[in-house]
Amino acid sequence: MSKQRYRWKSYELREHAAIIDGKKSPTKVLTNATYLHSYLREWLKGNIWIYHDRIVYAGERFPERVDGQCEIIDCSGYVLVPGYIEPHAHPFQLYNPHSFAHYAAKYGTTTLINDNLVLVLQLSDDKAFSFLEKMNTLPTSMYWWCRFDGQTELEKEEEQLSNARVKRWLEQETVLQGGELTGWPKLLAGDDLILHWIQEAKRMRRKIEGHFPGASEKTLTKMMLLGADCDHEAMTGKEVYMRLLHGYTVSLRHSSIRPDLPALLREIKEIGIHEYDRLLLTTDGSPPSFYEAGIIDRLIRIALEHGVPVIDAYNMATINVARHYGIEHLHGSIATGRVANINFLRAKEDPTPVQVLAKGQWIRREEDQSVAWPAISWSDYGIGPLRLSWSLSMDDLQFSMPMGMYMENSVIMKPYSISIDTSHDELSADHDESFLVLLDRHGNWRVNTILKGFSTGVRGLVSSYSTTGDIVLIGKSKRDMFLAFERMCEIGGGIVLAENGEIIHEIPLPLNGMMSEESVEELIREEKRLVDLLKQRGYPFIDPVYSLFFLQSTHLPYVRITQRGIYDVMNKTVLFPPIMR
């Protein structure tokens with residue numbers, strides 16, 4: 001992908017070696033450092049020499065040559081640990097990869113392994129690969145997945161996820177894995193194309209990430225035989241054990257809709273698991289407000305509170321991840337030759353850093369909260385405001401389907417028979433049934449049904465944020481839904497809430513209708529306000545942002561609204577096709 005074939009050019013490597021001989025000065029020296037040595041599993045004291053983005057020495061020696069440009073940092077009073085790694089990021093949850101990387105780095109998570117779903121569905125490969133190259137220049141380290149399925153029933157899946165395209169993605173230098181395998185039932189049912197992609201990924205030394213919620217031992221065994229390496233869907237200690245038994249690496253998840261980590265740690269201890277080398281930590285791409293208390297540092301804190309030995313807790317967020325993904329020579333430890341991602345802590349028991357180095361650059365300083373972050377020109381990558389070439393009409397808001405979707409929780413949908421009269425322009429607030437429309441962002445089709453369980457009082461909610469970027473409309477009032485749609489178009493995409501002819505809240509998402517340009521801190525405020533307003537209007541569950549995103553997601557049971565219509569996930573059939581506009 002990058003024009004530079006190797007991480008460091010030959011002349012740079014010679015410069016690194018010259019520093020050891022005293023012929024050249026480092027650019028930073030961390031003195032009097034108490035730091036975690038991930039291999040010795042000890043806290044050592046010494047000096048760490050950094051040249052630009054690389055640790056060129058970590059040990060007892062002080063460099064023979066130090067010129068006036070070298071920054072000397074006295075680390076007395078700090079404890080140093082490697083930068084944390086998030087192995088399973090979805091960097092498009094209202095925030096964008098650029099803003100999320102910045103926010104995460106301030107909390108010490110300096111390496112992200114990212115989902116590519118939005119990029120592959122919305123950008124050409126040339127634009128997407130240019131974007132990956134730009135992300136590679138950030139102070140943080142950005143790696144990626146290669147999706148083998150679209151997580152929903154796509155209108156033209158054979159084009160969007162063609163054999164040639166998947167292989168092009170797998171060939172990118174910063175792509176570390178195939179998956180996550182939300183479409184694994186197709187694989188087990190005999191889909192040899194997915195099996196071929198897994199084999200290609202293995203040939204290229206890429207890992208395969210599973211998505212196996214509730215999977216039986218038989219399924220886990222077969223998926224391991226077919227090439228899966230890791231899974232983040234264990235929801236009990238027994239499920240963690242079963243995955244470890246069959247050779248998986250297991251990511252212990254703590255997310256907005258599955259805050260499972262405390263229970264998982266308690267249950268694996270009860271089972272008798274005391275080895276942590278095959279365990280990782282992930283937040284599984286949660287919405288902004290979930291990250292108000294931190295990223296991976298928050299999960300390390302939970303691990304420490306639940307009796308995980310201190311070094312094991314840090315290793316689950318650093319060296320274990322790097323080793324699993326084959327990037328141990330670059331990440332996961334404070335040792336000679338590694339990228340200079342280092343967190344400065346006030347105490348071993350407090351994993352939230354007060355200072356952060358990423359690629360040898362200061363991301364956070366204890367005395368300075370205004371450390372600059374590189375800018376990005378989104379238009380260079382074909383990313384900009386959503387501009388629809390068509391208009392919505394009241395004729396699009398006609399409902400006659402006999403079957404609707406019932407929300408059992410934030411993300412699980414079941415079919416149900418519609419018994420209310422849907423011919424009126426408004427539905428009563430005496431029940432929890434709402435109009436639901438999925439509109440093709442290109443204006444070619446629509447799917448209209450009733451959504452039960454979402455709320456009793458939301459009159460008009462429109463979102464361009466969805467799995468595929470198509471437009472979701474939910475509400476009791478067709479006129480408020482129409483108003484919210486019009487406002488969503490005006491702001492270039494976003495989530496808009498309308499009530500009684502007024503816009504009462506909006507979250508602009510001017511980056512392809514999926515992502516905000518605002519900081520994560522600002523998005524936290526905007527999202528929390530949206531959640532409060534929805535809950536005041538009868539939304540009963542945990543996470544409305546994920547509810548919107550997962551309306552189309554066919555890796556979850558039981559029915560979904562998709563580009564191909566209302567889809568029965570369990571039987572893999574279209575129940576009601578879309579209506580052409």
Given the options V339, I50, T110, K359 meets side chain to side chain contact (heavy atoms under 4.5 Å, CB included) only with V339
Less than 4.0 Å between a side-chain N and a carboxylate O, is that true for R165 and E159?
no
Assess whether a salt bridge exists between R301 and D350, defined as any Lys/Arg side-chain N lying under 4.0 Å from an Asp/Glu carboxylate O.
yes
Strictly below 4.0 Å, N to O, side chains only: are E366 and R346 in salt-bridge contact?
yes
Would you call E171 and R168 a salt bridge, taking side-chain N to carboxylate O under 4.0 Å as the test?
no
With sequence neighbours excluded, residues passing side-chain contact (heavy atoms from CB on, under 4.5 Å) with S519
E521, E522
Row check, F290 ring normal vs R298 NZ/CZ: under 6.0 Å, within 45°:
yes
ring-ring contact (aromatic ring centres under 6.0 Å, His included) involving F549 - partner list, sequence neighbours excluded
Y465
Please tell me whether T468 and D470 have a donor and an acceptor in their side chains that are separated by less than 3.5 angstrom.
yes
Does a side-chain N-to-carboxylate-O contact under 4.0 Å join E426 and K478?
no
On the 0 to 90° scale, with breaks at 30° and 60°, tag the F131-Y381 ring pair as parallel, tilted or perpendicular.
perpendicular
Are K28 and E71 close enough for a salt bridge, meaning some N to O gap below 4.0 Å?
yes
Pick one: which of T456, I504, L461 meets side chain to side chain contact (heavy atoms under 4.5 Å, CB included) with R537?
I504
Is a salt bridge present between E233 and R258, judged by a nitrogen-to-oxygen distance below 4.0 Å?
no
